[in-house]
Amino acid sequence: MTALSVSTIPVASLPVDCIVIGAAKSTKGPVPAPGAEAVAEAFDGALAELLGTLGVTGAEGEVAKLPAPAGIRARLVLTVGLGDAANNNEEYDAETLRRAAGVAARTLAGTGTVALALPARTAEAVEAVAVGGLLGAYAFTAYRTTDHAAAPVRELAILANRVGRTDAEAAVRRAGVLGQELNRARDLVNTPANDLHPESFAAAVVSAGQEYGLAVEVLDEEAFAAGAFGGILGVGQGSARPPRLVRIAHTHPEAKASLAYVGKGITYDSGGISLKPVGANEIMKRDMAGAAAVFAAVLAVARLDLRVNVTGWLALAENMPSGSAVRPGDVLRMYGGRTVEVLNTDAEGRLVLADALVRAGEERPDAIVDVATLTAAMRFGLGNHLFGTMSNDDAFRDRVLAAASRAGERAWPMPLPAELRGSLDSRVADLANLGERMGGGLVAGLFLQEFVPAGTPWAHLDIAGPAFHEGEPNGYTPNGGTGCAVRTLVRLAQDTATGGHDGP
Ligand code: BES
Ligand code: MN
Ligand code: ZN
């Protein structure tokens, strides 16, 4: 795994393989960004012109490799585009820095040591560069038996000459925790369902809980039967791999608020008896991305020792068709006693989440957030880059949206129209798991809302689109699992811990 460090050594004498500098767009062509001064000097002031000759424009995502000039110890200089140049006293925004660092780290795979001399004049900017670098260096190689691609950068040094050493080190430490945990979520999403199933997922939580000193509790089939967790049991009953509900808790002695994070963890979603067609089922190992995000976020919160209590609930099941599978028309008795008629076994996420939401709600947290790859409808509505954010409380929803935006994630508010609720009425049970097709993402949100305790602020993040990136890598986003929602959940816990808002 890529190691992060802070460096305050003068750039010219850094003993690294490559120095990364920013190149920005200006009306006069490409210009080296702040942080690049020493490198520019070694080029005798001819760097901007050289970049122009090479066709560099400074556009975001652009990279150029140059042999380092005499007077620089490193052998290679990489420029990475930052887009429009910021004014002298203006900082580059955190997301621009994350992406630039991510592009650099990915481009430099195969390089041993890299120094990131990007414009980082505040602790927040240093953290952004470090997070972007660590996320961009990520590669999923667990199943490669040949040297398929160059190894990730071994060491990333963040140059922080303008930030005090203590502040810079604290920022890089935070970035290390966040980046490592987010990459853990990506690994879980990328792991195929023949290796990641409810039991092995639960075992991974137990082992991480032991490593970092968090309380972990695993409910199995016996506990489900005794406790009448009909949703999780019903969805899991068709699989040879039994379901689990995992509770992982971070508690802080001085916490003044508590959050419950609930994740959909369908380790494989075949659709069940309402089987998905070819084209829809081969991508369904990703259907546990919500649980992976919750797991990673709780670990990050614990490792950062945030002054807030955060409990993660992972609703883990494999949705398979078999002689023992739940059938369309079956009625399940959910945890808490409500009954649900299963009209479509492919609407399974809401069934496992309903049990988990009721169980999480019993502990009376100040707020609940669930995260789920819940509906194809949300992908049609918002595409693959934004997640939909629904809530029973506008102020809480705005806090979640603010946390997402600050953390560099694209979240968008979606409504829970009361007009759609009636479509979830069942002829035989309290509720049906299928309602109106139009606005299917919102209907799913309305279903979940039924299982949230009245008066508890709750937000539902439908990450069906952005949980997985199917195209070529960009910025710090690789192909495959993205780690979507981890940064939002961690930022929300940070905001809650520091009371940077009204209410819980
Ligand atoms: N896991 C899927 C949603 C999904 C689709 C996630 C594509 C990621 C990519 C979910 O369980 C599902 O099958 N939803 C159905 C619900 C429908 C039957 C009401 C859907 O959205 O089609
Ligand atoms: Mn499904
Ligand atoms: Zn699903």
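This one's a predicted model, so the numbers in the text were calculated from it and none came from an experiment. Counting convention: from 1, in listed order, for ligands and their atoms alike.
When each atom of ligand 1 is checked for a heavy atom of R350 under 4.0 Å away, the hits are 16 (C), 19 (C). Counting atoms of ligand 1 from 1 in the listed order, those under 4.0 Å from a heavy atom of E348 are 11 (O). The ligand atoms of ligand 1 that sit less than 4.0 angstrom from a heavy atom of M284 are 1 (N), 4 (C), 5 (C), 6 (C), 7 (C), 8 (C), 9 (C). Close approach of ligand 1 to D269 is summarised as follows: ligand atoms under 4.0 Å from at least one heavy atom of the residue are 1 (N), 2 (C), 10 (C), 11 (O), 13 (O). Atoms of ligand 1 found under 4.0 Å from any heavy atom of A464 (numbered from 1 in listed order, with element): 6 (C), 8 (C).
E318 and R241 are not joined by a salt bridge, as no carboxylate oxygen comes within less than 4.0 angstrom of a charged side-chain nitrogen. For R421 and E450, the salt-bridge test passes: some basic side-chain N is under 4.0 Å from an acidic carboxylate O. Looking at R244 and E221, a side-chain N of the basic residue comes within less than 4.0 Å of a carboxylate O on the acidic one, giving a salt bridge. Taking a cutoff of 4.0 Å between a charged side-chain nitrogen and a carboxylate oxygen, R286 and E470 qualify as a salt bridge. A salt bridge does not link R397 to D393: none of the charged nitrogens lies less than 4.0 Å from a carboxylate oxygen. Here R327 pairs with D330 in a salt bridge; the nearest charged N to carboxylate O distance falls below 4.0 Å.
Considering only heavy atoms from C-beta on, L374 comes within 4.5 Å of K264 through its side chain.
Residue R338 places its CZ atom among more than 12 non-hydrogen atoms of other residues, nucleotides or ligands, all under 6.0 Å distant. Around the CG atom of D305, the shell of radius 6.0 Å holds more than 12 heavy atoms that belong to other residues, nucleotides or ligands. No more than 12 heavy atoms of other residues, nucleotides or ligands sit less than 6.0 Å from atom CD of E124.
The closest approach between any non-hydrogen atom of M378 and ligand 1 is not below 4.0 Å. The shortest heavy-atom distance from M288 to ligand 1 is not under 4.0 Å. Using a 4.0 Å cutoff on heavy atoms, R379 counts as a contact of ligand 1.
Closest heavy-atom approach to atom 17 (C) of ligand 1 within the set T375, L434, L351, D462: this belongs to L434. Of the candidates S274, A372, A376, the one placing a heavy atom closest to atom 21 (O) of ligand 1 is A376.
Sorted by chain and number, the protein atoms of type N, O or S within less than 2.8 Å of the Zn ion (ligand 3) are K264 NZ, D269 OD2, D287 OD2, E348 OE2.
For E436, no heavy-atom contact with ligand 1 is shorter than 4.0 Å. Both the backbone and the side chain of D346 come within contact range of ligand 1, each with a heavy atom under 4.0 Å.
Of all the N, O or S atoms in D269, the one closest to the Mn ion (ligand 2) is OD2.
Remark: R184 qualifies as a cation-pi partner of F295 under the 6.0 Å distance and 45° angle criteria applied to the six-membered ring. Under the 6.0 Å distance and 45° angle rule, R106 does not count as a cation-pi partner of Y476.
Side-chain contact annotation: D430 with T339, donor-acceptor N/O pair under 3.5 Å present. There is no side-chain donor-acceptor pair under 3.5 Å between N479 and H469.
Atom 10 (C) of ligand 1 has as its closest protein heavy atom L374 O, 3.2 Å.
In summary, an N, O or S atom of E348 is located under 2.8 Å from the Mn ion (ligand 2).
Considering backbone and side-chain atoms alike, K264 places an N or O below 3.5 Å from some N or O of ligand 1. Ligand 1 has no nitrogen or oxygen under 3.5 angstrom from a nitrogen or oxygen of N344.
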